[in-house]
Amino acid sequence: MSASDTLEFNPFLPEVHEDPYPLYHRLRAEDPVHRSPLGFWVLTRHADVLAVLRDPRMSRDPRRSERVALLRASAEVDELLAAEEAAPSMLFVDPPDHTRLRTLVNKAFTPAAVERLRPRVEELVAGLLDQAAGAGAMDVVEGLAYPLPVTVICELFGVPEADRDRFRAWSRGLVHLLDPLVASDALERALRARQALRDYLGGLIAERRAHPAGDLLTALIAAEDQGHQLTEAELVSMCVLLLVAGHETTVNLIANGMLALLRDPEARARLQADPALARGAVEELLRYDSPVQFTSRHALEDLDVGGRRVRAGETVVAVLGAANRDPAQFPDPDRLDLARSPNRHLAFGGGIHFCLGAPLARMEAAVAIPAMLARLPGLAPGPAPPVRRDTVTLRGLSSLPVTFQAPG
Ligand code: HEM
């Protein structure tokens with residue numbers, strides 16, 4: 001057997017990074033509960049991924065994993081990890097802390113609360129497309145997919161416009177922490193970026209405490225002050241999570257979604273002709289090329305997963321992107337079918353950590369994608385090819401050039 005025949009889960013290989021779906025299909029068919037030589041398990045079937053996400057014996061807390069010990073390569077890294085571990089965000093804790101933290105922000109992200117933001121989202125999209133429309137060419141990422149969600153989340157939190165560029169650099173740096181393996185120098189850089197962001201937010205919180213405003217940050221500070229429901233360190237971790245999620249995910253939904261539509265003129269024409277398809281189309285684009293490809297869980301006790309024995313402390317990587325192409329759940333899974341129904345994709349996860357920002361991400365994409373198709377006639381990819389981001393957990397593009405007919 002040649003090296004290329006060996007079945008291994010390595011999302012960093014260039015061909016897998018470009019198109020992971022053939023590998024996912026092979027893993028699912030040949031070894032659906034795969035034991036990586038690096039010591040973790042890899043799940044690619046929809047049923048197994050969903051079962052693990054819903055299983056209370058599976059922890060989201062990395063402090064309960066054997067593998068985290070391996071990260072503590074140097075005293076400096078250890079110290080930087082400790083700052084966040086003292087007060088992790090809701091994404092990295094189990095109940096009861098998870099329930100307490102999530103309840104505090106839940107109401108800001110309900111579908112009804114998000115609907116109130118729709119007029120502002122429409123206004124932002126129209127403004128960004130006005131800027132682009134005359135030129136006959138744009139980069140979808142720089143021109144729309146990135147500035148839209150970033151402006152929305154920064155406005156919710158009251159992050160001053162002048163600070164947003166610094167923010168972008170920190171956010172870009174720290175998302176490498178989400179990848180399954182990080183080289184030790186990259187890890188240190190990412191942890192420094194996170195610390196810089198924490199320090200900045202500490203300053204913003206102090207400023208907002210002195211001068212309350214009508215934003216989400218002020219509301220969270222009030223929760224901290226009044227009920228002892230939230231410590232200051234937890235408040236900072238919560239802001240890091242929400243602001244980074246707001247910077248790094250919806251951008252990928254809009255860009256991956258536009259790329260899929262650019263490559264499928266029939267689907268694109270269908271959506272253009274019938275904007276009422278938008279809501280279902282966004283679900284299909286989330287399934288087809290998922291912005292978050294994996295998440296992980298750590299077994300709290302010995303248990304069976306998809307017919308194999310996982311031991312307490314072992315880590316299971318749930319490949320959402322593979323679950324979303326499982327033919328047992330989705331007929332003809334590699335076809336983009338904007339009217340697919342049912343569409344029980346796992347792009348937002350499942351169980352108690354199901355994405356808090358899902359209603360916001362869905363609404364932003366459902367406004368932005370049809371608006372691009374309507375406002376930019378003759379949309380076509382090019383002249384340069386799209387460029388993929390180097391992260392693997394977050395699957396996205398750093399550039400997606402397109403051309404179209406300029407008016408007049
Ligand atoms: C297309 C865009 C998005 C995708 C694909 C996405 C995906 C996900 C996934 C897969 C999870 C679950 C992770 C796990 O179970 O381990 C998650 C959790 C989360 N997401 Fe999103 N997300 C998106 C947008 C957003 C936005 C815009 C926000 C907020 C501004 C957000 C906030 C969160 C939070 C706070 C959690 C943790 C929830 C918890 O632990 O209870 N997400 N997201």
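The basis for the numbers below is simple: all heavy atoms, side chains too, and nothing from hydrogens, waters or symmetry mates. Because the structure is predicted, anything quoted here is derived from the model rather than measured. We count ligands from 1, going down the list as the structure has it; atoms in each ligand are counted the same way.
- At least one side-chain heavy atom of His247 sits under 4.5 Å from a side-chain heavy atom of Tyr146.
- For the pair Ala371 and Val125, the tightest heavy-atom approach, listed with the atom from each and the gap, is CB-CG1, 3.6 Å.
- For the residue pair Ser237 / Arg198, a side-chain donor-acceptor distance below 3.5 Å is found, with atom types taken as modelled.
- Using a 4.0 Å cut-off between a side-chain N of Lys or Arg and a carboxylate O of Asp or Glu, Arg64 and Asp94 qualify as a salt bridge.
- Sequence neighbours left out, the pairs with a member in residues 189-208 that pass ring-ring contact (aromatic ring centres under 6.0 Å, His included) are Phe167-Tyr200, Trp170-Tyr200.
- At a 4.0 Å heavy-atom cut-off, ligand 1 touches Leu320 through the side chain alone.
- Relative ring orientation between His345 and Phe348 is described as tilted, the plane-to-plane angle lying within the 30° to 60° band.
- Distances shorter than 4.0 angstrom do not occur between any heavy atom of Arg362 and any atom of ligand 1.
- Judged as a salt bridge (Lys or Arg N to Asp or Glu O under 4.0 Å), the pairs with a partner in residues 340-350 (not counting sequence neighbours) are, in order, Glu284-Arg340.
- For ligand 1, the atoms sitting less than 4.0 Å from at least one non-hydrogen atom of His98 are 39 (C), 40 (O), 41 (O), numbered in the order shown with element in parentheses.
- If you take NE2 on His46 and CD on Gln329, they are separated by 4.0 Å, rounding to the nearest 0.5 Å.
- Atom 5 (C) of ligand 1 has as its closest protein heavy atom Ala347 O, 3.6 Å.
- Ligand 1 has an N or O atom lying under 3.5 Å from an N or O atom of Arg297, backbone or side chain.
- When only non-hydrogen protein atoms are considered, atom 38 (C) of ligand 1 lies nearest to Arg102 NH1, 3.4 Å.
- When the options Val305, Leu53, Leu320 are evaluated for a side-chain contact (heavy atoms from CB on, under 4.5 Å) with Leu43, the one that passes is Val305.
- Here the closest non-hydrogen pair linking Asn252 and Pro291 is CB-CB, 3.8 Å.
- At least one heavy atom of Ile352 sits closer than 4.0 Å to an atom of ligand 1.
- Less than 2.8 Å away from atom 21 (Fe) of ligand 1, the protein contributes these N/O/S atoms: Cys355 SG.
- The only member of Leu129, Leu144, Leu148 that meets side-chain contact (heavy atoms from CB on, under 4.5 Å) when paired with Leu124 is Leu148.
- Listed by atom number, the atoms of ligand 1 under 4.0 Å from Leu242 heavy atoms are 30 (C), 35 (C).
- Of the protein's non-hydrogen atoms, the one nearest atom 35 (C) of ligand 1 is Leu241 CD2, 3.5 Å.
- In summary, the atoms of ligand 1 found under 4.0 Å from a heavy atom of Arg60, numbered by their order in the structure, are 14 (C), 16 (O).
- The nearest non-hydrogen atom to atom 30 (C) of ligand 1, considering only Leu346, Thr393, Ile153, Leu178, comes from Ile153.
- Closest to atom 27 (C) of ligand 1 among all protein heavy atoms lies Thr250 OG1, 3.6 Å.
- Under the side-chain hydrogen bond (donor to acceptor under 3.5 Å, both in side chains) criterion, the residue pairs touching residues 355-382 are Asp130-Arg375, Glu283-Arg362, with sequence neighbours excluded.
- Of the protein's heavy atoms, Leu91 CD1, 3.8 Å lies nearest to atom 13 (C) of ligand 1.
- Taking every heavy atom of Leu253 and a limit of under 4.0 angstrom, the matching atoms of ligand 1 come to 1 (C).
- Among protein heavy atoms, atom 16 (O) of ligand 1 sits closest to Thr295 OG1, 2.5 Å.
- Aromatic pair Phe9/Phe294: centroids less than 6.0 angstrom apart.
- Between His353 and ligand 1, an N or O atom pair is found at a separation short of 3.5 Å.
- With Tyr24 as the aromatic partner, Arg325 does not meet the cation-pi criteria of under 6.0 angstrom to the ring centre and within 45 degrees of the ring axis.
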